[in-house]
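Beneath this line is the structure, given in structure tokens, with notes to follow.
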There are 4 protein chains.
Amino acid sequence: MSQGRDRGGRPRSEPARAAVLWAVDDLLAKVGYAAMTMKGIAELAGVSRMTVYRWWSTKAEILFEASALDAEEELTVPPDDDPFEDVTRYLEALHYFLTRSHAGAAYRALLGEAQHDPAVAALLAGRDILGDTARAVVSRVAPDADHDRATALLIGPMFFWILSGRDPARIDPADLARTFLAQISPDSRVDG
Amino acid sequence: MSQGRDRGGRPRSEPARAAVLWAVDDLLAKVGYAAMTMKGIAELAGVSRMTVYRWWSTKAEILFEASALDAEEELTVPPDDDPFEDVTRYLEALHYFLTRSHAGAAYRALLGEAQHDPAVAALLAGRDILGDTARAVVSRVAPDADHDRATALLIGPMFFWILSGRDPARIDPADLARTFLAQISPDSRVDG
Amino acid sequence: MSQGRDRGGRPRSEPARAAVLWAVDDLLAKVGYAAMTMKGIAELAGVSRMTVYRWWSTKAEILFEASALDAEEELTVPPDDDPFEDVTRYLEALHYFLTRSHAGAAYRALLGEAQHDPAVAALLAGRDILGDTARAVVSRVAPDADHDRATALLIGPMFFWILSGRDPARIDPADLARTFLAQISPDSRVDG
Amino acid sequence: MSQGRDRGGRPRSEPARAAVLWAVDDLLAKVGYAAMTMKGIAELAGVSRMTVYRWWSTKAEILFEASALDAEEELTVPPDDDPFEDVTRYLEALHYFLTRSHAGAAYRALLGEAQHDPAVAALLAGRDILGDTARAVVSRVAPDADHDRATALLIGPMFFWILSGRDPARIDPADLARTFLAQISPDSRVDG
DNA sequence: ATCTAATCGAGACGGTACGTCGCGTCTTAAT
DNA sequence: ATTAAGACGCGACGTACCGTCTCGATTAGAT
């Protein structure tokens with residue numbers, strides 16, 4: 001598939017690509033998203049500015065490519081026979097992702113940018129990291145539920161809490177998991 | 001309040017202040033938050049750039065001052081004896097606010113910026129519009145509940161749904177209201 | 001005339017203007033016209049790049065402003081009762097101008113650029129330094145002659161010799177002056 | 001000459017060479033010397049950029065190679081028994097060359113560049129097109145004169161007139177020829 | 001018929017200047 | 001003291017051309 005015709009021409013430099021992705025990650029942590037510039041990325045990566053522009057249009061695109069894989073991995077929890085444990089593990093992962101993770105910081109920055117940049121919004125819409133990972137959990141613990149609605153109920157409270165700048169310590173994954181399960185499948189109470 | 005020590009000198013121009021607030025609102029709708037600049041605001045307001053900088057530091061500050069009052073008003077719903085109606089009205093107002101309202105667009109832009117700009121985050125933390133209005137509803141329908149937790153459950157799902165770029169039409173305030181009330185007071189089910 | 005309305009606004013910085021003109025002159029001597037850049041001029045002048053662009057469009061414009069006055073001065077010779085002396089002094093000044101003068105180097109660079117840049121050609125056409133100074137001499141030694149034709153005969157040979165890269169030492173102002181006068185006014189021979 | 005040591009290897013592509021020379025000529029007429037770039041030449045010639053650089057260092061070199069032959073041909077006039085006719089024909093050819101000829105446009109551009117690029121100056125010095133052709137005329141009409149001085153007197157006035165951007169229509173080859181002959185051999189006046 | 005070696009196309013790469021834009025500060029004169 | 005006007009230093013923007021560098025594919029003459 002990606003082995004498209006490369007008839008002629010110098011091949012893309014993999015070191016350059018890797019250096020840019022690393023640089024963008026490093027800069028996010030060091031100076032923050034706002035102070036991150038295409039120029040700064042190129043310089044830190046030791047790469048020509050033109051080379052950056054050749055492959056990516058905006059810093060958002062680079063950051064997305066640099067963090068999407070990590071994000072998906074961090075939010076993918078192993079199945080657990082106990083639904084409560086399963087959901088709790090996921091919400092703990094989400095809590096870590098949104099508050100302490102490197103990839104999560106990238107995601108928050110991008111989601112922020114998406115609120116006033118349609119191009120970034122489209123970028124995020126193309127790969128629904130939170131939705132996909134949440135849906136995986138929902139399929140396991142409540143296969144018959146409306147997946148979209150369940151996703152909103154699962155992610156929403158913590159997402160709001162953290163994105164609106166509230167103290168992350170004051171929200172409890174286990175409590176949210178219990179509440180979620182009680183709602184999504186009222187018959188099989190966990191708090192029995 | 002602001003009648004402090006202004007002995008002598010030309011007083012602040014109220015028309016200029018109003019023109020700036022109006023201009024920032026107009027620009028948000030016309031060109032979006034990202035393309036909005038201090039220069040553009042000053043020019044549209046017919047005011048010197050210096051004058052803008054004298055009273056506000058950033059476009060975020062101006063936008064916040066221009067929209068906070070409207071936002072609070074739009075999210076304040078009249079009490080209703082029926083808790084379900086009360087909550088539903090609030091969620092409908094929130095839905096309108098986050099998707100169609102002028103002030104809501106400003107809020108989303110600011111919240112987006114807050115993800116990667118501590119100054120904006122501090123600005124929003126100073127006046128918790130969503131939290132305050134939600135707490136008012138919670139106090140009425142579930143005075144004994146944990147207000148913070150209840151707020152997260154009330155606002156979270158819709159907040160996530162819309163901020164993450166999902167189709168606003170596919171989320172139902174009434175359904176969320178019912179779910180919320182069930183979660184907040186499991187004994188008095190509304191779905192009977 | 002140039003005291004146009006400057007109602008309001010910070011006045012143009014004269015130090016900045018002078019620094020740019022000085023820098024362009026310095027750079028011409030040090031690195032040559034080709035290697036001279038707007039960026040380099042601004043940096044050497046200790047002035048913002050924007051400030052340079054605000055007042056001049058091209059390096060040619062700056063160079064012209066920086067050298068036109070000097071050029072005119074260098075090519076203006078005091079009248080002499082003896083026509084031969086008068087013309088010889090002018091041709092000596094022209095020789096110096098085209099081969100050793102600072103302002104002359106600027107002129108040559110601009111005239112070179114004018115061969116393939118209409119904007120520079122127009123710039124030079126606006127102030128005919130060589131033509132004007134030559135005409136002054138012609139008016140004195142041959143007031144009845146066709147001034148344009150006489151100018152071409154006076155300046156042409158030396159102009160060609162030097163501009164085409166020939167050895168400046170092998171051309172003699174006095175000889176050219178004698179030939180010129182013999183042609184322009186055959187009645188009053190100088191070689192008599 | 002170029003049949004040096006080419007044991008083995010693919011021979012130089014003559015079509016590529018011709019295409020480049022043609023392209024450079026075409027570009028000079030279409031976009032002018034300044035806007036002409038190595039990249040543009042290669043693309044118009046349908047040739048790789050590398051191929052251009054392999055055989056020429058600068059656009060000046062290509063242009064010179066592309067136009068020198070034509071230039072010499074255009075400036076070579078057939079001998080005429082009448083010196084006045086001979087010189088007039090040459091000056092007419094020079095007038096056409098400097099104002100309307102393709103090759104002349106190339107020469108002017110190169111001479112312009114030579115004023116601030118030593119490499120181009122050296123290039124032109126290597127083949128003195130104007131000097132050589134003028135000397136041929138001088139040898140015929142005034143074999144005993146100082147050839148260099150005569151060349152300057154012959155070419156100078158028209159050269160200056162046109163290169164300094166004056167109206168080409170206002171200079172008369174026949175008049176200049178008459179003047180030149182009078183200067184070069186004062187004893188045998190043409191105006192009798 | 002193979003080998004050898006310089007060519008050619010394509011195009012990525014590190015540089016560097018371009019001219020523009022917004023920033024936040026400043027210096028005027030006018031109110 | 002505040003205002004409008006606008007110049008200023010700063011620094012990033014995205015583009016263009018520079019000249020160099022891989023690549024794989026040609027293309028002859030020499031073996």
Side-chain angles (χ1 to χ4, degrees), chain A residues 5-17 35-43 45-55 57-59, chain B residues 5-13 15-16 35-43 45-55 57-59, chain C residues 5-17 35-43 45-55 57-59, chain D residues 5-16 35-43 46-55 57-59:
Chain A
R5 293 273 142 272
D6 44 296
R7 35 176 191 64
R10 180 178 178 169
R12 176 172 184 183
S13 161
E14 178 55 28
R17 176 181 168 275
M36 199 168 89
T37 67
M38 291 295 259
K39 184 172 189 278
I41 295 166
E43 280 169 4
V47 144
S48 157
R49 213 136 59 82
M50 195 58 239
T51 299
V52 179
Y53 282 114
R54 205 191 315 275
W55 302 108
S57 299
T58 62
K59 60 178 176 177
Chain B
R5 189 92 38 79
D6 43 287
R7 40 175 190 64
R10 180 176 178 172
R12 174 173 184 184
S13 161
M36 199 167 90
T37 68
M38 292 296 260
K39 186 170 184 276
I41 294 165
E43 279 168 5
V47 146
S48 158
R49 216 133 57 80
M50 196 61 249
T51 302
V52 179
Y53 280 113
R54 201 190 311 280
W55 303 109
S57 298
T58 63
K59 60 179 178 178
Chain C
R5 297 269 141 272
D6 43 295
R7 36 177 191 63
R10 178 178 181 171
R12 176 173 182 182
S13 161
E14 178 54 28
R17 176 180 167 276
M36 200 168 90
T37 66
M38 292 295 259
K39 186 171 187 278
I41 295 166
E43 281 170 3
V47 146
S48 155
R49 213 135 58 83
M50 196 58 239
T51 299
V52 179
Y53 282 114
R54 205 191 315 277
W55 301 109
S57 298
T58 62
K59 59 178 176 177
Chain D
R5 192 91 38 78
D6 45 287
R7 40 173 192 63
R10 180 178 179 169
R12 175 172 183 184
S13 161
E14 178 54 29
M36 198 168 89
T37 66
M38 292 296 259
K39 187 172 183 278
I41 294 166
E43 279 169 3
V47 145
S48 158
R49 215 135 56 83
M50 196 61 247
T51 301
V52 179
Y53 280 113
R54 201 190 315 276
W55 303 109
S57 297
T58 64
K59 60 179 177 178

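Each chain gets a letter, A, B and so on, in the order its sequence line appears, and its residues count up from 1.
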With C/Arg49 via salt bridge (Lys or Arg N to Asp or Glu O under 4.0 Å) - residues at least two apart:
none
Tell me whether the NZ or CZ atom of D/Arg12 lies within the 45° cone about the ring axis of D/Trp55 and under 6.0 Å from its centre.
yes
Between E/dC13 (C1') and A/Tyr53 (OH): distance, integer Å:
17 Å
Nearest-Å distance, NZ (C/Lys39) to C1' (E/dG15)?
11 Å
Base contacts versus sugar-phosphate-only contacts with protein, heavy atoms under 4.0 Å: please encode nucleotides 3-9 of chain F as B, S and - from 5' to 3'.
BBBBBBB
Measure from CE on A/Met38 to C1' on E/dG14 and round the result to the nearest Å.
16 Å
Test side chain to side chain contact (heavy atoms under 4.5 Å, CB included) applied to B/Thr58 - qualifying residues, sequence neighbours left out
B/Ala60, B/Glu61
Comparing A/Gly40 with D/Ser57, nearest DNA chain F nucleotide closer to 5' gives the residue A/Gly40
Sequence neighbours excluded, the answer for side chain to side chain contact (heavy atoms under 4.5 Å, CB included) partners of A/Arg54 is A/Met50, A/Thr51
Nearest heavy-atom neighbours spanning A/Lys59 and A/Met38
N-SD, 3.7 Å
Just to verify, what does A/Thr37 make a side chain to side chain contact (heavy atoms under 4.5 Å, CB included) with, not counting sequence neighbours?
A/Lys39
For atom CD of D/Glu43 and atom C1' of E/dA10, their distance in whole Å:
12 Å
